[in-house]
Participant: 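Take this structure first; my questions come after.
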Amino acid sequence: MTLDRYNAFAYRDDAATGSEDGTLAGLSVGVKANIMVEGMPFHAGIGAWEYRKADRDAEVVAKLRAAGAAITGVLHMEEAALGSKTDNPHFGPVQNPHGEGFSPGGSSGGSGAAVSAGLVDIAFGTDTMGSVRIPASHCGVYGFKPATSRVSQDGLEPADLSLDAIGPLARDLDTLEKAARVISDFGENQEAFSGAVLVDHGVEIDSEVARAFRRTVAGLKAPPAEVSLEHPCSRIRYAGFIQVSKVMAKHLQGVPVSDHLAKLLTYGPARASEKWGEDRHILERTSETVRTIIAEHGFLIMPTVPNPPFKHTEPEPPAQADFTCLANIAGVPALSMPMGCTEWGLPLGVQMLCAPGFEKGLFALARFLDNNLRAYRAPAC
């Protein structure tokens, strides 16, 4: 077993092999440490579970093996998948291959770093409020979150099963689509829509992200519609966090965790009942509104993250999941892809949401934009 300079792997099997037949034959796969891989660590980023091993494969892992993939190891993550920095107090920080000392995003930070650095062909993460797409954006790769109802949650150490989805990351759209088709119910609809962009969302967007997003939208076949939500994205994201905190506090009751995670797990249970009622209303209305926008316009297009990658020495920007949380709350598919870089060469991402059943159309839009932008860049080192 060897590890890596980015601290992406929690466990790595250099002797792993796949089969010669199948959609994923010849491809290496890494799996986030909260998804069961038989005989490999299954600690979910929690120090007290460091030596826990999976006694079987999760259903998605079994599908990957059947498709010929070589499961080469387990990848580091945020503690219990709650956070978007991947500086784990028990297992250390994961490094972004595009910049020494920079966060890869999270909570699937090891998945983003492993794919970006070329350590695996495909990595799998979990996405509760953006945890596949945020690392995809920060690490300059492609990430797909299936609709919650269209991918198995068997063998997953959950954050909140009403929001969780297992999804792949890869360095190109063809490989990403192969992986998505293997593990999820992939719809073939691809009607032509102009798409929509959010306005009046209340999110402060970094100037370089905003500039790259304007260039991306300008490349669409037709000007997108401008739409808005009933509540600011930050308020929606906070309502989602409160729900996740409530669910995880119950699930992890009695499990020793870090002081940081313990504090996060107090917010949900301490929420006053009238405030929790308001949160639930916001989540329900947001889900309805996002689904209505997609039904009318086909796609909802946004920056993946409103900020560029940041250093581990800096505080985690609270707004990182302000846009990504919408797909989880609505339960719809979403795809993040590179849309450019900062002046210093750090990756920036754009995401698109669609209705369940329109996954083929989602990838078609991504390919169209990818051909226009040609924004993918391998790390310099």
Side-chain angles (χ1 to χ4, degrees), residues 1-4 7-81 86 88 90-91 94 107-115 119-128 131-132 135 144-146 150-159 161 164-170 175-176 178-185 251-252 255:
M1 182 184 77
T2 59
L3 298 182
D4 60 279
N7 193 34
F9 276 95
Y11 174 85
R12 185 171 176 177
D13 180 6
D14 292 322
T17 58
S19 66
E20 295 182 359
D21 299 316
T23 306
L24 303 180
L27 297 179
S28 59
V29 173
V31 179
K32 190 177 179 179
N34 61 347
I35 303 169
M36 297 178 76
V37 181
E38 185 176 5
M40 294 189 186
F42 178 50
H43 55 59
I46 296 174
W49 292 346
E50 180 176 3
Y51 300 106
R52 185 177 74 165
K53 291 187 177 180
D55 59 6
R56 64 179 180 88
D57 284 339
E59 184 175 326
V60 294
V61 174
K63 288 180 177 180
L64 295 170
R65 292 194 197 277
I71 311 298
T72 61
V74 169
L75 300 163
H76 278 310
M77 56 180 285
E78 197 82 58
E79 184 181 17
T86 317
N88 190 295
H90 311 291
F91 304 106
V94 174
S107 64
S108 309
S111 303
V115 166
L119 304 178
V120 291
D121 296 308
I122 307 165
F124 280 83
T126 60
D127 194 311
T128 306
S131 291
V132 163
F144 174 65
K145 184 203 85 70
R150 298 172 79 89
V151 63
S152 173
Q153 296 172 321
D154 169 74
L156 168 64
E157 184 66 44
L161 291 176
D164 293 338
I166 297 172
L169 301 94
T175 304
L176 188 74
K178 287 180 183 179
R181 286 179 174 275
V182 166
I183 62 107
S184 66
D185 184 4
H251 177 65
L252 295 176
V255 178

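Values below: all heavy atoms of this structure, side chains included; hydrogens, waters and symmetry mates excluded.
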Participant: Are Asp154 and Arg56 close enough, and set up right, to give a salt bridge (Lys or Arg N to Asp or Glu O under 4.0 Å), and what steps lead you there?
Facilitator: CA-CA 11 Å; Asp154 169 74; Arg56 64 179 180 88; 3.0 Å; yes
Participant: Side-chain contact test, heavy atoms from C-beta onward, threshold under 4.5 Å: evaluate it for Arg181 versus Thr23 and give yes or no.
Facilitator: no
Participant: Can you give the donor-acceptor pairs under 3.5 Å from side chains of residues 37-47 to other protein atoms, not counting sequence neighbours?
Facilitator:
unit_1, atom_1, unit_2, atom_2, d
His43, ND1, Gly45, N, 2.8

Participant: Mind listing the closest non-hydrogen atom pair of Gln153 and Leu161 along with its distance?
Facilitator: NE2-O, 2.8 Å
Participant: Of all heavy-atom pairs between Pro135 and Gly109, which one has the smallest distance, and what is that distance?
Facilitator: CG-N, 4.2 Å
Participant: Report yes if the side chains of Val120 and Val115 come closer than 4.5 Å at any heavy-atom pair, otherwise no.
Facilitator: yes
Participant: Whether the side chain of Asn88 engages the backbone of Met77 through a donor-acceptor N/O pair (distance < 3.5 Å, no angle test) should be reported.
Facilitator: yes
Participant: Measuring from Leu24:CG to Ser19:OG, what's the distance to the nearest 0.5 Å?
Facilitator: 9.0 Å
Participant: Measure from the side-chain N and O atoms of Arg150 to the backbone N and O of Asp185, and report whether any donor-acceptor pair falls under 3.5 Å.
Facilitator: yes
Participant: With a cut-off of 3.5 Å and sequence neighbours excluded, list every side-chain donor-acceptor pair involving residues 63-76.
Facilitator:
unit_1, atom_1, unit_2, atom_2, d
Arg65, NE, Asp57, OD2, 2.6
Arg65, NH2, Asp57, OD1, 3.3
Thr72, OG1, Val29, O, 3.1
His76, NE2, Phe9, O, 3.4

Participant: Can you tell me how far the NZ atom of Lys178 sits from the CD1 atom of Ile122, to the nearest 0.5 Å?
Facilitator: 8.5 Å
Participant: Does Asp164 reach the main-chain N or O of Ala159 with its side chain, forming a donor-acceptor pair under 3.5 Å?
Facilitator: yes
Participant: Might you point out which heavy atoms bring Ala123 and Ser111 nearest each other, and give the distance in Å?
Facilitator: CB-O, 3.4 Å
Participant: Nearest heavy-atom pair of Gly110 and Ala8: which atoms, and what distance?
Facilitator: O-CB, 3.6 Å
Participant: A side-chain contact here means heavy atoms from C-beta on lying under 4.5 Å apart; do Phe124 and Val61 qualify?
Facilitator: no
Participant: Please report the interatomic distance CG(Leu119) to CG(Asp4), rounded to the nearest 0.5 Å.
Facilitator: 5.0 Å
Participant: Which heavy atom in Ala180 sits nearest to a heavy atom in Pro168, and how many Å separate them?
Facilitator: N-CG, 4.1 Å
Participant: Hey, mind stepping through Thr126 and Lys32 against side chain to side chain donor-acceptor pair (under 3.5 Å) and telling me if it holds?
Facilitator: CA-CA 7 Å; Thr126 60; Lys32 190 177 179 179; 2.7 Å; yes
Participant: First locate atom CE of Met36, then atom CG of Leu156, and finally report the distance between them rounded to the nearest 0.5 Å.
Facilitator: 10.5 Å
Participant: With rounding to the nearest 0.5 Å, note down the distance linking CG in Asn34 to OG in Ser131.
Facilitator: 9.0 Å
Participant: With side chain to side chain contact (heavy atoms under 4.5 Å, CB included) as the criterion, how do Glu50 and Phe91 come out once you've worked through the C-alpha distance, each side chain's angles and the decisive distance to 0.1 Å?
Facilitator: CA-CA 9 Å; Glu50 180 176 3; Phe91 304 106; 3.7 Å; yes
Participant: Checking Ser108 side chain against Gly125 main chain: does a donor-acceptor pair fall under 3.5 Å?
Facilitator: no
Participant: Output the distance between atom CG (Asp121) and atom CG (Leu176), rounded to the nearest 0.5 Å.
Facilitator: 12.5 Å
Participant: Would you say that Pro146 contacts Ile183 through its side chain, given a criterion of any heavy-atom pair below 4.5 Å between the two side chains?
Facilitator: yes
